[in-house]
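Inspection log for the structure reproduced underneath, given as structure tokens.
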Amino acid sequence: MEQYEPDRLSPVVAAAMRRSLHKSRAAATSRRSLLRASAGGALALGGLATLSGCGIPAAGKTSGGVSADDHSAKEKVVNFSNWPEYIDVDDSEKRHPTLDEFRKRTGITVKYTEDINDNDEFFGKIQPQLAAGQDTGRDLIVLTDWLAARMIRLGYVQKLDASNLPHAYANLSDQFRSPDWDPGRAYSYVWQGISTVVAYNKKALDGVEVKSVSDLLDNPKLKGRVGLLTEMRDTVGMTMLDMGKDPAKFTDDDYDAVIARLQKAVDKGQIRRFTGNDYTSDLTKGDFAACVAWGGDIIQLQADNPDVGYVIPDSGYMTSTDNMLIPNKARHKTNAERLIDYYYEPEPAAELAAYINYVSPVADVAPYLAKIDKSAATNPLILPDKAMQAKSHAFRSLSSKEETAYQQKFAKLTGA
């Protein structure tokens with residue numbers, strides 16, 4: 001166990017305290033929420049139907065997107081859109097040390113905007129411009145894997161120039177190298193990875209053992225005290241693994257079998273509710289004895305509540321990613337690629353991981369992270385070891401038709 005100096009908090013705990021005073025991740029709008037609450041679940045059903053299928057005109061072939069004149073040499077700037085609370089900040093909560101270092105080293109100023117609160121909402125904001133072949137005003141955006149896949153499929157993002165990405169190419173963890181929606185990472189690089197696990201409140205469990213999703217769904221001692229996520233790919237994926245099915249290769253029948261199993265748990269009152277990031281409050285209070293959760297949040301909760309723990313089921317766990325992409329017509333493509341590459345250097349990657357506590361996509365970052373915080377460097381939720389990586393699974397990419405059908409069934413299950 002790490003020994004702490006009496007007058008010094010670890011960077012991870014200090015960061016958690018600063019965030020809780022300013023705007024805690026748990027209280028903020030969920031980065032991982034796929035479906036936004038709306039009257040009667042309009043977006044969950046009608047919105048997805050509108051966004052999927054032939055209603056969206058493709059901007060071009062998916063072999064490279066649409067480029068524009070690159071003004072990087074004359075305009076030393078990158079316009080970077082990201083999610084709230086998803087980058088390192090200093091004690092003033094106003095500056096980002098890694099971005100400051102990038103500017104000092106390259107002379108490129110990063111205009112950083114936290115304007116992505118929901119994947120579908122953000123897509124709706126930029127899609128009309130992309131479909132019309134217009135500049136969105138953004139050079140770099142961070143989107144969750146399923147939406148990144150859609151953007152690539154529609155030809156809305158530019159193919160990356162590998163010559164500007166030497167560190168990214170060399171240092172990307174094997175776990176993230178070749179997703180089925182972007183083989184070889186021709187269009188995207190991972191910002192951070194997200195591990196979906198089974199979390200619990202030891203005090204609320206009161207001796208009940210939880211090791212699997214089956215325990216959540218079937219143990220009568222947990223009736224009414226179980227939480228599942230409103231993120232379809234995480235809840236369905238974890239249940240699919242528990243049922244011995246592969247989230248990377250499943251069929252319609254497999255999906256329907258998962259929905260039926262979850263519906264059975266809902267009908268018998270096993271599930272207290274489906275949540276976004278607000279599950280963190282239920283878990284810390286003990287309203288949830290156990291739930292499906294995101295690893296980065298659990299690290300933060302453990303800093304304040306020793307009763308919070310997690311398990312990786314023997315059946316495996318789900319992994320997803322938030323990814324950096326360069327939209328069509330971006331004015332500063334080369335500058336954006338230099339920023340992507342910068343975050344694959346071990347030092348800035350370690351500083352970022354120490355602050356936000358999600359899975360670093362950078363291989364061999366551990367010794368650099370250990371210099372900042374030893375406990376973070378040995379935490380498998382931040383740096384999965386090979387054994388844990390071997391148990392990770394990704395949800396396969398979906399066609400537009402599948403996405404609409406599957407979300408409708410899941411929305412009906414959750415009451416969205």
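One-based numbering along the sequence shown.
- Each of F80, Y112, Y355, Y343 was scored for a ring-ring contact (aromatic ring centres under 6.0 Å, His included) with H96, with one residue passing: Y112.
- Between R261 and D242 a salt bridge is recorded (basic side-chain N to carboxylate O distance below 4.0 Å).
- A search for side chain to side chain donor-acceptor pair (under 3.5 Å) contacts involving R272 returns nothing, not counting sequence neighbours.
- The residues D100 and R95 are annotated as salt-bridged, a charged nitrogen and a carboxylate oxygen being separated by less than 4.0 angstrom.
- A salt bridge does not link K249 with D254: none of the charged nitrogens is closer than 4.0 Å to a carboxylate oxygen.
- Taking the charged nitrogens against the carboxylate oxygens, E337 and K333 do have a contact shorter than 4.0 Å, which makes a salt bridge.
- In summary, E403 and K401 do not engage in a salt bridge, as defined by a charged side-chain N under 4.0 Å from a carboxylate O.
- Scored by the ring-ring contact (aromatic ring centres under 6.0 Å, His included) test, Y189 finds Y344 as partners (sequence neighbours excluded).
- In this structure the side chain of L241 never reaches within 4.5 angstrom of the side chain of V213, judged on heavy atoms.
- N335 CG to I108 CD1: the interatomic distance, rounded to the nearest 0.5 Å, is 3.5 Å.
- A donor and an acceptor atom, one from each side chain of S397 and D180, are located under 3.5 Å apart.
- Between F395 and F250, the distance from one ring center to the other falls under 6.0 angstrom.
- Taking a cutoff of 4.0 Å between a charged side-chain nitrogen and a carboxylate oxygen, K111 and D139 do not qualify as a salt bridge.
- No side-chain donor from either of D341 and Y169 sits under 3.5 Å from a side-chain acceptor of the other.
- Side chain to side chain, D267 and Q263 meet the donor-acceptor criterion of an N or O pair below 3.5 Å.
- Side chain of Q389 to main chain of P384: a donor-acceptor pair is present (N/O by atom type, distance under 3.5 Å, no hydrogens or angles).
- Looking at heavy atoms from C-beta onward, V157 lies in side-chain contact with I152 at the 4.5 angstrom threshold.
- No side-chain heavy atom of F176 sits less than 4.5 Å from a side-chain heavy atom of S392.
- Cation-pi check for R225 over F288 is not met; the charged atom does not lie both under 6.0 angstrom from the ring centroid and within 45 degrees of its normal.
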Chi angles and distances behind the side chain to side chain donor-acceptor pair (under 3.5 Å) call for Y200, D307: CA-CA 8 Å; Y200 59 84; D307 288 327; over 6 Å; no
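- Counting only N and O atoms by type, the side chains of T321 and Q192 include no donor and acceptor under 3.5 Å apart.
- Under the 4.5 Å side-chain criterion, counting only non-hydrogen atoms from C-beta, H393 is not in contact with T319.
- Judged by the 6.0 Å distance and 45° axis criteria, R233 is not positioned over the aromatic ring of Y406.
- For the atom pair T378 OG1 and L383 CG, the distance stands at 8.5 Å (nearest 0.5 Å).
- D253 and T251 are not linked by any side-chain donor-acceptor pair at a separation below 3.5 angstrom, with hydrogens and angles left out of the test.
- At a threshold of 4.0 Å, the pair K223-D218 does not count as salt-bridged, since none of the basic side-chain nitrogens sits closer than that to a carboxylate oxygen.
- Classification of D182 and K159 as a salt-bridged pair fails, no side-chain N sitting under 4.0 Å from a carboxylate O.
- Distance alone, capped at 3.5 Å, is enough to place a donor-acceptor pair between the K268 side chain and the L217 backbone.
- Looking at residues two or more places apart in sequence or on another chain, you find a side chain to side chain donor-acceptor pair (under 3.5 Å) between D161 and S163.
- Side chains of R138 and S81: a donor-acceptor N/O pair is present below 3.5 angstrom, by distance only.
- When atom types are taken as modelled, the side chain of S212 and the backbone of P313 share no donor-acceptor pair closer than 3.5 angstrom.
- A donor and an acceptor atom, one from each side chain of Y86 and D322, are located under 3.5 Å apart.
- Between N82 and T113 the shortest side-chain heavy-atom distance does not fall below 4.5 Å.
- A donor-acceptor contact shorter than 3.5 Å is absent between the side chain of D88 and the backbone of E351.
- A cation-pi arrangement, defined by a distance under 6.0 Å to the six-membered ring centre and an angle within 45 degrees of its axis, is absent between R105 and Y342.
- Side-chain contact between M151 and I141 is present, with at least one heavy-atom pair separated by less than 4.5 Å.
- Side-chain atoms of W294 and D234 form a donor-acceptor pair, as typed in the model, at a separation below 3.5 Å.
- Salt bridge R396/E402: present, at least one basic N to carboxylate O contact under 4.0 Å.
- Counting only distance, with no hydrogens or angles, the side chain of S188 and the backbone of R185 share no donor-acceptor pair below 3.5 Å.
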